[in-house]
Amino acid sequence: MADPKGFLTTGREVAKTRPVGDRVKDWNEVYVPGSLLPIISKQAGRCMDCGIPFCHNGCPLGNLIPEWNDYAYREDWQAASERLHATNNFPEFTGRLCPAPCEAACVLGINQPAVTIKNVEVSIIDKAWDANDVKPQPPERLSGKTVAVIGSGPAGLAAAQQLTRAGHTVAVYERADRIGGLLRYGIPEFKMEKRHINRRIEQMRAEGTKFRTGVEIGRDIDAAKLRRRYDAVVLAAGATTARDLPVPGRELNGIHQAMEYLPLANKVVEGDFVAPPLTAEGKHVVVIGGGDTGADCVGTAHRQGAASVTQLEIMPRPADERPGHQPWPTFPMLYKVTSAHEEGGERVYSVSTTHFEGDEDGNVQFLHLIEVEFVDGKLTQKPGTERKIPAQLVTLAMGFTGTDVQNGLVSQFGLELDERGNVARDGDFATNVEGVFVAGDAGRGQSLIVWAIAEGRSAARGVDRYLTGASELPAPIRPTDRALMV
């Protein structure tokens, strides 16, 4: 145990953010550099080393949280990094982007603020990179087997790294011009600077993983031909079919899916554009969708100089504290104030869009909405509550409905889908097509980054066993496992 009295004597402290007025002028991460290091050892000492660490249940990766908390408390950063990497290929990603279901399941969180597990995690990995402790791990020998991984998001990268280290020759295919999937173009720079992805890619290249960018399987390369070229294929293309809003006026100019809007801002940071082709500058912006993607749109609009930003959510405002019907250690739905929300804008709950209104040139100018409520379990409009708000740029951030079936990938492989529109798979993450496996959102549906990495690691074990007859790779989850929620 780190500090036997730590949870009694030390209060919870989290990473400090830079002043709003400063950070909205750039795209750097919102946190004050180095602010965690002076406090993180004591924060790690709040861990109680529980007899049954429920944080393990909250995290699908099975992270050894009490162990690396203990090492961080003792400032044995190298040992902490080794324990961290034992279960997680990319802790610098999860430490920045994961909503931390481990903290929701922390035993201390029953009656006190939970341990800052996420902050400890990111401190350990950042220290490891600074100390040059993150080394390539190439295989001792090659198996002679080849694997294609389709998609370079967290699931695809995790599967590729595991299979490369097992001795297989792995090529990752990505339809975008850079590796990273939604980590690259869906996550704004202010949440995670892309240098973190770049150095992981260099590590993977040094280990032997090959990368092919600008290649879309199903369009540029026939999926069936790819299957014949490789001994196995891992489909990790994500759940990229965005949920639309079929209301009158949807065809007006200025209404875009979030994943049309966010990547262009990231491309400016990458140096591809001087200014984004689609910008919020000087416009009244409305973001439809109250989740993390919606918050990303809010923060991006602030940095582009929007005249106003309004975020709409059809569901009621969540509670500030854990509701009684979502008891510990489940992951509760709470009112969350992200860094983007701290920067301004208005959040409106329990409203539904009825239609859009445009000008004579076909550009959206107003959004018409109505208040809604649940009556006998059904969402019902409240008569007399209609109103309109200015809207010159609207982003739709309402989630995703399944994997892309329009590019030919599913049909060319001959893959079966489940009842939710995801690629069906068995207990080894294998599809109905021999030698083709699926990992991440393409098989699970829209989920969290920790689940994507866990899926990639688990699918890699299934592939390794298919190729060699046995596998020593870890498989932290089964395809049927789900988050601990009520």
Is it true that Gln137 and His85 share a donor-acceptor pair across their side chains at a distance under 3.5 Å? no
Short N-O contact, Glu270 and Lys267, less than 4.0 angstrom: no
Report the distance from atom CD1 of Ile124 to atom CD of Glu82, rounding to the nearest 0.5 Å. 11.5 Å
Residues Asp292, Lys336: salt bridge by 4.0 Å N-O rule: yes
What's the verdict on side chain to side chain contact (heavy atoms under 4.5 Å, CB included) for Glu216 and Asn407, showing C-alpha distance, side-chain angles and the deciding distance? CA-CA 8 Å; Glu216 185 171 8; Asn407 65 358; 3.2 Å; yes
Heavy atoms of other groups near Glu373 CD, more than 12 under 6.0 Å: yes
Please determine whether side chain to side chain contact (heavy atoms under 4.5 Å, CB included) holds for the pair Leu97 and Leu183, giving the CA-CA distance in whole Å, both sets of side-chain angles, and the decisive distance to 0.1 Å. CA-CA 9 Å; Leu97 304 176; Leu183 290 172; 3.6 Å; yes
Would one find more than 12 heavy atoms of other residues, nucleotides or ligands at under 6.0 Å from atom CD of Glu251? yes
For Gln78, is the CD atom crowded, meaning more than 12 foreign heavy atoms sit under 6.0 Å from it? no
Do the charged groups of Arg23 and Glu343 touch, with an N to O distance under 4.0 Å? yes
Any donor and acceptor pair, going by atom type alone, linking the side chain of Ser152 with main-chain N or O of Gly180 inside 3.5 Å? yes
Step by step, work out the salt bridge (charged side-chain N to carboxylate O under 4.0 Å, His left out) result for Arg478 and Asp481. CA-CA 5 Å; Arg478 298 165 297 182; Asp481 288 343; 2.9 Å; yes
Quick test of your reading of the model: are Glu174 and Arg184 salt-bridged, counting only N-O distances below 4.0 Å? no
Side-chain donor/acceptor of Arg46 to backbone N/O of Leu108, under 3.5 Å: no
For Val394, is there any backbone N or O sitting under 3.5 Å from a side-chain donor or acceptor partner on His256? no
Taking it one step at a time, do Val348 and Thr310 satisfy side chain to side chain contact (heavy atoms under 4.5 Å, CB included)? CA-CA 7 Å; Val348 183; Thr310 305; 4.0 Å; yes
Is the number of heavy atoms from other residues, nucleotides or ligands within 6.0 Å of CD1 (Ile52) greater than 12? no
Cation-pi, Phe190 ring and Arg303 (6.0 angstrom, 45 degrees): yes
